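To start, the structure itself, in structure tokens.
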2 protein chains.
Amino acid sequence: MTKPALSAEPAPSFRPLYLQIKDLLVRSLETGEWRPGEAIASELVLASRFGVSQGTVRKALDALAADHLVVRRQGKGTFVATHTEEAQSSFRFLRIRQDGGSELPASRLLDVRRGKASAEVARLLEVKPGDPVVVVRRVLEWGGRPVIVDDITLPAALFRGLTRAKLESYAGSMYGFFETQFGVRMLNAQERIKAVPADPATAGVLGVPAGTPLLAVDRVAHTYGGRPVEYRRGLCSTAAHHYFNVLG
Amino acid sequence: MTKPALSAEPAPSFRPLYLQIKDLLVRSLETGEWRPGEAIASELVLASRFGVSQGTVRKALDALAADHLVVRRQGKGTFVATHTEEAQSSFRFLRIRQDGGSELPASRLLDVRRGKASAEVARLLEVKPGDPVVVVRRVLEWGGRPVIVDDITLPAALFRGLTRAKLESYAGSMYGFFETQFGVRMLNAQERIKAVPADPATAGVLGVPAGTPLLAVDRVAHTYGGRPVEYRRGLCSTAAHHYFNVLG
DNA sequence: TAGTGGTCTAGACCACATA
DNA sequence: ATGTGGTCTAGACCACTAG
């Protein structure tokens, strides 16, 4: 039988048990069987539930941990990953660092307004052009000095009742806020970076001359199933900060 | 990668067997028991050599594969990772992409010269200021159009006999060349990115007006033991290209 | 057909956390 | 003392590759 000219992927002839278990666990996480931060069932309990050995459950959980969907803690249990915990996980996606130190930024809200998705935003968020969106503008400051201006675009359908007051009342990270208030979990993201000259308005906010080269960081963040749920554009002054990345 | 010697680490009370096996295998790789691209001994052979079970060897090898030190191929064996193979591994560290497509760049050599390590280069490469270095300047082009100017600084002690002629005669990637000609393997790297205005010389090479915002990508690449062996500064025009990054 | 890595199991024991 | 995840073992079988 001649092999059909497949598009690169031969479609795996079978799917290992532990990956099927992993899929079932992802569904349980997605539907909220356990809440963020909570401990999920133990390996032995899951093994008996699914009728497989503890070792197979372990491989599934290790894969989930590699995806940052759960966190394993020896002696305590396996926990649903969350953006609300300590600084480490709270700023998991932030790649901007001080040139010298390791200080963490504070967020200052500038504006929250409603609008309609442009063609480009619609494409990135996989909604229809004109669909309602919420745009949050905020500044990240290190030591009181503004460094990044973020424009964060969210599909309004998923963030009903998002107001400036609520956002301001929340102390922790924005992703933690989205998680606890709207049940929207940011699982991964991709960023595209360009160098652009500062427009006058941004230059004013960041305290640099207009035309100063800035990093333009475009981010699309995804939730379960790779569905995009946030588009963000950050403009970053690199006078005393830089984008940090590790290549494995 | 091998875990960086963190401060604040309470020093683990014990070291699992499979990590000790991993360390032994790293030493074997470092000393060249198997050459890049070659298959290493099979799991069963290694298990009997070290007097542990196949499962323990497997965990060690899986960890090495996660660090990209080896590549596992079902039915064939476990192979020493290399930068000389297909495009995928050859450009493993390149994060610059075309805005539209997925074309790969070509390299054009501008200059190879010898010099002495400045204070900053000495600090980054962990050599003494004034130590001899080789600086390679080259351009990366997409479809014949220059996009990146790279200044690549190497400790001369590790790259004896590196000449422009040899570099030009080599078709593949530069890291593949370093690997086969000098036995220096680039295992991982970190990059720091800023936005800077194009200086007149660079602007001329890239065909953009002086002052145009460019990405300045500083990279330090490491070999075994986390020893830095390359410092590279790339200046990248983002008119039709961008830096791409995935956040897990 | 033989050899390789990949999956799955079952059980023992270890390290860690909590009560 | 108990329960959790982490390590280690031994063996069976499966999927893939090559001669």
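The analysis underlying the following values was restricted to heavy atoms, covering all of them including side chains, and did not include hydrogens, waters or symmetry mates. Naming convention: chains lettered A, B, ... in sequence-line order (proteins, then strands); numbering from 1 in each chain. Everything quoted here is computed from the prediction, not taken from an experiment.
Nearest to the side chain of B:Lys76, among C:dT7, C:dG6, D:dA18, sits D:dA18. For B:Arg58, counting side-chain heavy atoms from C-beta on, the closest listed nucleotide (C:dT9, D:dT9, C:dT7) is C:dT7. Comparing C:dG5, C:dT9, D:dG5 by their nearest atom to the side chain of B:Gln74 picks out C:dG5. Looking at the side chain of B:Ser42, the nearest of the listed nucleotides C:dG6, C:dT4, D:dC8 is C:dT4. Checking D:dT9, C:dC8, C:dT9 against the side-chain heavy atoms of B:Thr56 singles out D:dT9 as nearest.
Summarising the geometry, the separation between CG on B:Leu61 and P on C:dG5 is reported as 8 Å, rounded to the nearest angstrom. One atom, CD of B:Gln54, and another, P of C:dG6, lie 10 Å apart when rounded to the nearest Å. The nearest whole Å value for the distance from the CG atom in A:Leu44 to the C1' atom in D:dG6 is 13 Å. Nucleotide C:dC13 holds its P atom 16 Å from the CZ atom of B:Phe14, rounded to whole Å. With rounding to whole Å, B:Lys59 atom NZ is found 7 Å from D:dC8 atom P. At whole-Å resolution of the value, CZ in B:Arg15 and C1' in D:dC8 are 16 Å apart. One interatomic measurement links the two molecules: CD of B:Gln20 to C1' of D:dT7, which rounds to 12 Å at whole-angstrom precision. When rounded to the nearest whole Å, the span between CD of B:Glu43 and C1' of D:dC16 equals 14 Å.
The number of heavy-atom neighbours closer than 6.0 Å to CZ of A:Arg164, taken from other residues, nucleotides and ligands shown, is above 12.
Residue order along DNA chain C, read from the 5' end via each residue's closest nucleotide, puts A:Pro16 first among A:Pro16 and A:Gly75. A residue-by-residue look at A:Val52 and B:Gly77 shows that B:Gly77 has its nearest nucleotide of DNA chain C further toward the 5' end.
In this model, the phosphate group of D:dG5 is approached by a side-chain N or O of A:Thr78 to a distance below 4.0 Å at OP1 or OP2. Residue B:Arg72 has a polar side-chain atom (N or O) positioned under 4.0 Å from OP1 or OP2 of C:dG6.
Base pairing analysis places D:dG19 opposite nothing; no Watson-Crick or G-U wobble pair with both distances below 3.5 Å involves it.
In this structure, the separation between CZ on A:Arg233 and CZ on A:Arg192 is 12.0 Å, given to the nearest 0.5 Å.
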Practice item. Step by step, work out the salt bridge (charged side-chain N to carboxylate O under 4.0 Å, His left out) result for B:Arg95 and A:Glu191. Key: CA-CA 11 Å; B:Arg95 294 302 161 97; A:Glu191 293 189 327; over 6 Å; no
Review point. Taking it one step at a time, do B:His83 and B:Phe177 satisfy ring pair (Phe, Tyr, Trp, His ring centres under 6.0 Å)?
Key: CA-CA 8 Å; B:His83 285 275; B:Phe177 174 72; over 10 Å; no
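Between B:Phe178 and B:Tyr175, the ring planes lie tilted relative to each other; the angle falls in the 30° to 60° range.
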